[in-house]
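See structure below.
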Amino acid sequence: MEQGTELTRSERLFLRISIWQTVLSVAGIFIAAVALYAALTESEAVRRQTAASVWPYVQLSVDDHLSTDAALFELSLTNSGVGPAHIRAMRVTIGGRAMLTWKDAVLAVVGTDAPAFSQTFANNRVFRPGERVTIFGTRAPVLVRALREAVVNESAGVEYCYCSIFDECWTVDSRSPEAGPATVAACTDYGGEQFLN
């Protein structure tokens with residue numbers, strides 16, 4: 001045998017050790033990659049579960065009644081979700097025009113001096129889970145009648161945007177209640193059309 005082509009016993013042992021070290025290194029990298037993927041997937045699942053455990057769901061409801069004896073018209077916001085909701089933006093439109101206050105809205109539907117009504121601020125307010133707030137109410141028959149007619153009209157509506165404590169935001173338009181809340185990256189800035197109440 002030629003002397004240069006044959007490996008000594010120690011060289012063969014060193015070569016075997018090097019091959020096993022390479023195999024173990026590649027296996028270690030693979031296991032680390034799988035562990036990292038599992039950790040990231042678990043982290044995302046925990047984040048989603050945490051967000052779901054504080055998910056708000058703000059609903060607008062209209063209660064109205066008109067008879068010869070009594071009249072009632074109320075708009076309420078209820079947080080039916082399991083976490084707090086921060087109302088960040090609101091727009092009220094009547095006849096296609098944005099109203100800035102409930103008094104503006106009342107005058108837009110009755111066209112004369114505003115009958116008596118009650119109001120509660122909703123804009124920039126935090127609703128706790130289960131909280132219901134009547135944001136507008138009246139018992140004046142002339143106003144109840146006018147508001148009932150306005151609600152049926154497509155050009156009248158209430159839009160609002162609310163966010164969770166994780167800054168996940170949803171927008172709602174009362175003119176399309178079947179659509180439900182739509183997820184948005186951030187609440188719309190209505191600018192000069194922002195409802196002030």
TODO: Look at the side chain of T93 and the backbone N and O of G96, then say whether any donor-acceptor pair between them is shorter than 3.5 Å.
DONE: no
Open item on the list: So does A108 get a backbone contact from the side chain of D104, meaning a donor-acceptor N/O pair under 3.5 Å?
Closed with: no
Open item on the list: Please say yes or no: joined through hydrophobic side-chain contacts below 4.5 Å, possibly via intermediate residues, are V151 and V106 part of one cluster?
Closed with: yes
- [ ] Working to the nearest 0.5 Å, report the span between CZ of R139 and CD of E74.
- [x] 6.5 Å
TODO: Before giving the answer on side chain to side chain contact (heavy atoms under 4.5 Å, CB included), spell out for V144 and R148 the whole-Å C-alpha distance, their side-chain angles and the decisive distance to 0.1 Å.
DONE: CA-CA 6 Å; V144 170; R148 289 178 86 185; 3.9 Å; yes
Open item on the list: Are L107 and F117 linked, directly or through intermediate hydrophobic residues, by side-chain heavy-atom contacts shorter than 4.5 Å (ILVMFWY only)?
Closed with: no
Task: Separation of SG atoms, C163 and C187, below 2.5 Å - done: no
Task: Over all atoms of both residues, closest heavy-atom pair of D63 and R132 - done: OD2-NH2, 2.7 Å
Task: Smallest separation among heavy atoms of V184 and C161, with atom names - done: CG2-SG, 4.2 Å
Task: I94 side chain reached by V109 side chain, heavy atoms, under 4.5 Å - done: yes
Open item on the list: Quick check against the 3.5 Å criterion: does N123 have a side-chain atom that pairs as donor or acceptor with the backbone of F195?
Closed with: yes
TODO: Look at the side-chain heavy atoms of Ile, Leu, Val, Met, Phe, Trp and Tyr, link any pair under 4.5 Å apart, and say whether V62 and V133 land in one connected group.
DONE: yes
Task: Joint cluster assignment, F136 & L66, ILVMFWY side-chain distance < 4.5 Å - done: yes
TODO: Quick one: closest heavy-atom pair of L60 and S174, and the distance?
DONE: CD2-CB, 3.7 Å
- [ ] Kindly give the heavy-atom pair with the smallest separation between I87 and A122, and that separation in Å.
- [x] CB-O, 3.4 Å
TODO: Check the surroundings of atom CZ in R175: do more than 12 heavy atoms from other residues, nucleotides or ligands lie under 6.0 Å from it?
DONE: yes
Open item on the list: For the backbone of Y57 and the side chain of N79, can you confirm whether one donor and one acceptor N or O come within less than 3.5 Å of each other?
Closed with: yes
- [ ] Determine, stepwise, if the pair H86 / N124 fulfils side chain to side chain contact (heavy atoms under 4.5 Å, CB included).
- [x] CA-CA 7 Å; H86 182 193; N124 208 21; 2.8 Å; yes
Task: Heavy-atom donor-acceptor pair, T138 side chain to A140 backbone, under 3.5 Å - done: yes
Task: Shortest non-hydrogen contact between N197 and W102, atoms and distance - done: OD1-N, 3.0 Å
Task: Close side-chain approach of E168 and V54, heavy atoms under 4.5 Å - done: no
- [ ] Start with the C-alpha distance between E131 and R125, add both sets of side-chain angles, then the distance that settles side chain to side chain contact (heavy atoms under 4.5 Å, CB included), and finish with yes or no.
- [x] CA-CA 12 Å; E131 184 176 10; R125 178 182 181 146; 3.3 Å; yes
TODO: Would you kindly confirm whether V110 and L147 end up in one hydrophobic cluster when ILVMFWY residues are joined by side chain heavy atoms under 4.5 Å apart?
DONE: yes
Task: Closest approach of Q194 to M90 (non-hydrogen atoms, all atoms of both residues) - done: NE2-N, 3.5 Å
Open item on the list: Within this structure, what is the CD1-CG distance for the pair I31 and L36, rounded to the nearest 0.5 Å?
Closed with: 14.0 Å
